[in-house]
Structures are given as structure tokens and as C-alpha cells.
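Some notes on the structure that comes next.
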Amino acid sequence: MRIAMMVLRKLYLVPLLYIRLQRAAKRYAGDYTKGFLATRDIAKNGIEAGNVTLEVEGIENVPQEDGFIYYPNHQGMFDIMALMYSSPRPFAFVYKKEVKNVFFLRQVIRATGSLDMDRSDIKQSLKVINQVAQEVKEGRNYLIFAEGTRSRKGNELLEFKGGSFKAAQKAKCPIVPCALVNSFVPFDENSIRQTTVKLIYLPPLYYEEYKEMKTNEIASEVKNRIQAAVQSHL
């Protein structure tokens, strides 16, 4: 219902936004900043039309220099919209291959230069991890959902997978934990009532802090920080 409302309220803009996104995906190959900005406009209009208030805290914690990875908890489809709308730095994301042909999302993926991961193919997954690490070293930013799939338990987090942090280890980059609160409500509840979603950018973990840790230890630390932030904002 909320997605339908978003589309109907901004129906006059949908063709323009779609064309802009298509052009960004085709014209600016290798220059993903413009693709990100086109995607941000879609997120902005969707949130405005969707009866959702997005409250953002901790923007000052986002590194000013590119070459970092966001690690948010994963509650639903609204997560990417919230981060796209609020992030002061452009980023790409790693997504499961099953969604790569979804209409509109397919164009977002191309425009932002995001990467699909086949979780059933270890070799392909390792290739993606290595590619993310290399691109982060070169100054791109990424977003990885360490839970691997969205939690269907509201504000309760799933276990964070240690393998999700191999890219950060290889890149020796800042890890930016992000806490999403009630991000499942906009699209998981069949309602168009006014709702508030909170997004908290937490202080980053720098390589010097985690270089001696195993990936499962990093995963546990990041999860604990996010869980504490979620609980404090409920």
C-alpha cells in the first residue's frame, strides 16, 4: 500500500526520474557519483511521498575521506532508501543475485555500480569480496549487510556473518556501523499510516582497532554496537 502511495503521489515525476536513472546507468559508466545522485533523488521523493519521517543521527561519524564500508543492520527494503537519502558520501552496495532483475532496482544497481553476490557459490562470493576490497582501496565506498538477509523479527538483529568483514580487512578501511530502527515498518506493514524510521551512524572502527581481530570477532563487535544503539532508541 505504501509503495503504491509513493508512486501515485509522485506519478508525474516517475518517468523523469526513471529516464535520469537510465541515462546515469548508461552515460556515466565508471563515474558512479552521478548515478548515486540520481538514485538519491528517487529515495528522497519516495520518502517524502510515503508518509515516512526519517530521523538521522551521527552524520558527523561518517568519514570525510572516501574508502570505507557501511555495515547496517538489515530490516527490509526501506534500508537502502534511508541510507541513500541520508549518506553524505556516495556508495555502492553488495546485494543478493536474486534481486538483480527487479524493475527499477536493476537500474539503481547499474547506476551505482553495485555488485551481486551468489551466496551459494563460494568462488563467486570470494571474487566479489576481493573486488570490493580493491575498489575501497581505490577510494570507493560500499555498503554490506552483514546479516546476509533481512531480519523478519522487527528490531531484533540476526547474527552478523564474519565473512562479510573480509572485504574491510583486505582493504584496511574504516568500518562504519549503522543502526536502523523501525525500518521494517514502511514496507512490511500493509499500512500507509505516518511512521518514523531512525538511522544512526555510529563511530567507525578503524583498521588499527580491528587488525588483530578475527572476522567473527569483528562481526560480534559491530553487531553489539548496533544492537545497543537500536535498544537505546526504541
Check: Looking at side-chain heavy atoms only, is the closest gap between Q227 and N73 below 4.5 Å?
Finding: no
Notebook entry, point to check: D79 versus P72: any side-chain heavy-atom pair under 4.5 Å?
Noted result: no
[atom1] of [X]: more than 12 outside heavy atoms within 6.0 angstrom?
| X | atom1 | result |
| --- | --- | --- |
| K223 | NZ | yes |
| E65 | CD | no |
| I122 | CD1 | no |
| K10 | NZ | yes |
| E138 | CD | yes |

Check: Please walk me through it: do L115 and Q131 pass side-chain contact (heavy atoms from CB on, under 4.5 Å)?
Finding: CA-CA 9 Å; L115 302 174; Q131 183 174 345; 3.5 Å; yes
Where [X] and [Y] come nearest, the two heavy atoms and their spacing:
| X | Y | answer |
| --- | --- | --- |
| K170 | K137 | O-CE, 3.1 Å |
| A167 | I129 | N-CG2, 3.7 Å |
| D116 | Q124 | O-NE2, 3.0 Å |
| M77 | F187 | CB-CD1, 3.6 Å |
| R140 | T112 | NH2-O, 2.8 Å |
| V176 | L202 | CG1-O, 3.9 Å |

Next item on the list: Carefully, step by step, assess N130 and K166 under the rule side-chain contact (heavy atoms from CB on, under 4.5 Å).
Entry: CA-CA 9 Å; N130 289 333; K166 288 182 179 179; over 6 Å; no
Checklist line | Stepwise side-chain contact (heavy atoms from CB on, under 4.5 Å) check, L13 with L16 | finding: CA-CA 5 Å; L13 276 178; L16 178 62; 4.1 Å; yes
Could you grab the distance from atom [atom1] of [X] to atom [atom2] of [Y], nearest 0.5 Å is fine?
| X | Y | atom1 | atom2 | answer |
| --- | --- | --- | --- | --- |
| F160 | S220 | CZ | OG | 10.0 Å |
| K211 | L205 | NZ | CG | 14.0 Å |
| K198 | N155 | NZ | CG | 11.0 Å |
| Y95 | I144 | OH | CD1 | 13.5 Å |

Taking NZ, NE, NH1 and NH2 as the nitrogens, is one of them in [X] or [Y] under 4.0 Å from a carboxylate oxygen of the other?
| X | Y | result |
| --- | --- | --- |
| R150 | E147 | no |
| R89 | D66 | yes |
| D188 | R152 | no |

Next item on the list: Apply side-chain contact (heavy atoms from CB on, under 4.5 Å) to the pair Q169 and I218, showing each step before the final yes or no.
Entry: CA-CA 10 Å; Q169 273 194 330; I218 302 171; 3.7 Å; yes
Are [X] and [Y] joined in one hydrophobic group, where the rule is that I, L, V, M, F, W and Y side chains link up if heavy atoms are under 4.5 Å apart?
| X | Y | answer |
| --- | --- | --- |
| L158 | V94 | no |
| I19 | L11 | no |
| F93 | V222 | no |
| V132 | F36 | no |

Is there a donor in the side chain of [X] and an acceptor in the side chain of [Y], or the other way round, less than 3.5 Å apart?
| X | Y | result |
| --- | --- | --- |
| S151 | E156 | no |
| H233 | E55 | no |
| Y142 | E135 | yes |
| S114 | Y32 | no |

Less than 6.0 angstrom separating the ring centers of [X] and [Y], yes or no?
| X | Y | answer |
| --- | --- | --- |
| Y210 | F165 | no |
| F68 | Y70 | yes |
| F78 | F184 | no |

Margin query: Using the side-chain contact (heavy atoms from CB on, under 4.5 Å) definition, which of the options L180, I200, V181, L157 pairs with I226?
Written below: L157
Next item on the list: Could you identify which residues cluster with M5, counting Ile, Leu, Val, Met, Phe, Trp and Tyr as linked when any side-chain heavy atoms lie under 4.5 Å apart, either directly or through a chain of such contacts?
Entry: M1, I192
Note to self: For the backbone of I69 and the side chain of N141, can you confirm whether one donor and one acceptor N or O come within less than 3.5 Å of each other?
What the structure shows: no
Note to self: Using the side-chain hydrogen bond (donor to acceptor under 3.5 Å, both in side chains) criterion, which residues pair with D118? Sequence neighbours excluded.
What the structure shows: K97, S120
